[in-house]
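Okay, structure first, notes after.
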Number of protein chains: 2
Amino acid sequence: MKPTSPDAPTLPVAGLDGKDRPGDANVCSTRGELEKELLEFFVRAAQLAGQPKSLGEIYGLLYFSEDPLSMEEIVARLGISLGSASQGLRQLRAFKAVRAVAVPGQRKDYFVAEIKLRRVIAGFVQEEIKPHMESGLERLARLEELAGALDDVHLQQRVRRLARLHEISGQLLPLLMKLVRV
Amino acid sequence: MKPTSPDAPTLPVAGLDGKDRPGDANVCSTRGELEKELLEFFVRAAQLAGQPKSLGEIYGLLYFSEDPLSMEEIVARLGISLGSASQGLRQLRAFKAVRAVAVPGQRKDYFVAEIKLRRVIAGFVQEEIKPHMESGLERLARLEELAGALDDVHLQQRVRRLARLHEISGQLLPLLMKLVRV
DNA sequence: AAGTATTTTCATTTTTTCTTGAAAACAACC
DNA sequence: GGTTGTTTTCAAGAAAAAATGAAAATACTT
């Protein structure tokens, strides 16, 4: 499984005109169109998850690439900066959405996407959602204590009700994980 | 359940110095501290959900208020603009996180928070998550068709795999709703 | 219907977030 | 140990999102 050679770009992502001449097969343009839309799909998904656009682009590109890609190639195909690529890849590795593979005669790192989307979702939940929730629940516990010291019954009730959120999220996360079958 | 009279603000959110003189009970300052942190809790929750800060502040304020509050009061207590308040309240009403109540002798609208957080979550999922997912799944279906026309087996496989996402989300949403017991 | 109170809208400003690119850090090789 | 290829970091710039405030629209009252 050799890395894509630099002279054979298979995903001409940038520079599409979107036109589709009717009446002939025109596979190239259809393919380009498709690839553009696929990337856009991942960009939207990234943004729904509160992640930068570039992250979605990188993952999308790797998801559809037959071979591992170097950072250089990613930068070239997406037209993004080295900085974005480096940061995006780091984040994606944290989510276990991509991993680096070593290519024998090559000094560079090459990257491949985790194509099991369940795992990507699981990694994202683990790294992004869980910590937020946990710190939120800690904070809530402290607030409940604080409220206990006051003699405002109404406020106490509301804080207590709020603190019951941990019941929901205590169920939600395991359930999500189970659904996603880590 | 009269609306809070304008001369008796019970949530002095703005203008806290955070100092806590030790050695005396100092309930006021503790209370102020608590209220500030509670609002911050909701602000974080809002941001985790990809919503503007002001939205969290408004909901938080209403969540802890004993009485319905008018937009004017909300603006005054939070120190936000009328525009933010209007837009935030609209969004919150769309999520069914707040509702307007009519106060007899009063022309203004008064707002109360839905304190059943399950319902708020359900409303948010319904209004924000579901539409995004649905449009994404539609888009995927189209892409799968498009890919079928090409003779690139690898690309087809990946698109098909991606399209299986609908299995996950097809389960996820009902499950989430069930958990949240709408 | 005219006047007033209240809410909404929206162009502008402010704030936040993302991206860039070049310098620093690192790592492999000779 | 110095050289070169590669990656990371981070200050500055660009883009996107949110907040503002005043004008327009709406709704209530008399």
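What you see below is based on every heavy atom in this structure, not just the backbone, and it leaves out hydrogens, waters and symmetry mates. The chains referred to below are lettered A, B, ... by the order of the sequence lines, with proteins before strands, and numbering in each begins at 1.
Rounded to a whole Å, the CG atom of B/Leu78 is 10 Å from the P atom of D/dT20. Between B/Gln91 atom CD and C/dT8 atom C1' there is a gap of 15 Å when expressed in whole angstrom units. When the P atom of D/dA19 is taken as reference, atom CG of B/Leu89 falls 13 Å away, rounded to whole Å. The separation between B/Glu73 atom CD and C/dA5 atom C1' is 15 Å, rounded to whole Å. For the pair A/Leu92 CG and D/dT8 P, the computed distance is 13 Å after rounding to whole Å. Separating the CG atom of B/Asp109 from the C1' atom of C/dA5 is a distance of 12 Å, rounded to the nearest angstrom. If you measure from atom CD of B/Gln106 to atom P of D/dA27, you get 19 Å, rounded to the nearest angstrom.
Listed by chain and residue number, A/Phe95 satisfy the ring pair (Phe, Tyr, Trp, His ring centres under 6.0 Å) test with A/Phe124 (two or more places apart in sequence, or in another chain). Taking B/Arg164 as the reference, B/Arg161, B/Glu167 meet the side-chain contact (heavy atoms from CB on, under 4.5 Å) condition, with sequence neighbours excluded. Residues passing the side-chain contact (heavy atoms from CB on, under 4.5 Å) test with A/Val125 are A/Ile121, A/Ile129, A/Leu173, A/Leu176, A/Met177, sequence neighbours excluded.
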Short N/O separations, protein against nucleotides 15-20 of chain C, under 3.5 angstrom:
| from | atom 1 | to | atom 2 | distance (Å) |
| --- | --- | --- | --- | --- |
| C/dT19 | OP1 | A/Ser54 | N | 3.3 |
| C/dT19 | OP2 | A/Ser54 | OG | 2.9 |
| C/dT20 | OP2 | A/Ser81 | N | 2.9 |
| C/dT20 | OP2 | A/Ser81 | OG | 3.2 |
| C/dT20 | OP2 | A/Ser84 | OG | 3.4 |

Filtered N/O pairs between nucleotides 1-5 of chain D and protein, under 3.5 Å:
| from | atom 1 | to | atom 2 | distance (Å) |
| --- | --- | --- | --- | --- |
| D/dT4 | O2 | A/Arg107 | NH1 | 3.4 |
| D/dG5 | O4' | A/Arg107 | NH1 | 3.0 |

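Among residue pairs with one or both ends in residues 130-166 of chain A, none qualify as ring-ring contact (aromatic ring centres under 6.0 Å, His included); sequence neighbours excluded.
A salt bridge links B/Glu35 with B/Arg31: the distance from a Lys NZ or Arg NE/NH1/NH2 to an Asp or Glu carboxylate oxygen falls below 4.0 Å. A salt bridge links A/Glu40 and B/Arg139; the closest N-O separation between the charged side-chain nitrogens and carboxylate oxygens is under 4.0 Å. A/Glu114 has a carboxylate O that lies under 4.0 Å from a charged side-chain N of A/Arg119, or vice versa, which qualifies the two as a salt bridge.
At least one side-chain heavy atom of B/Leu69 sits under 4.5 Å from a side-chain heavy atom of B/Arg77.
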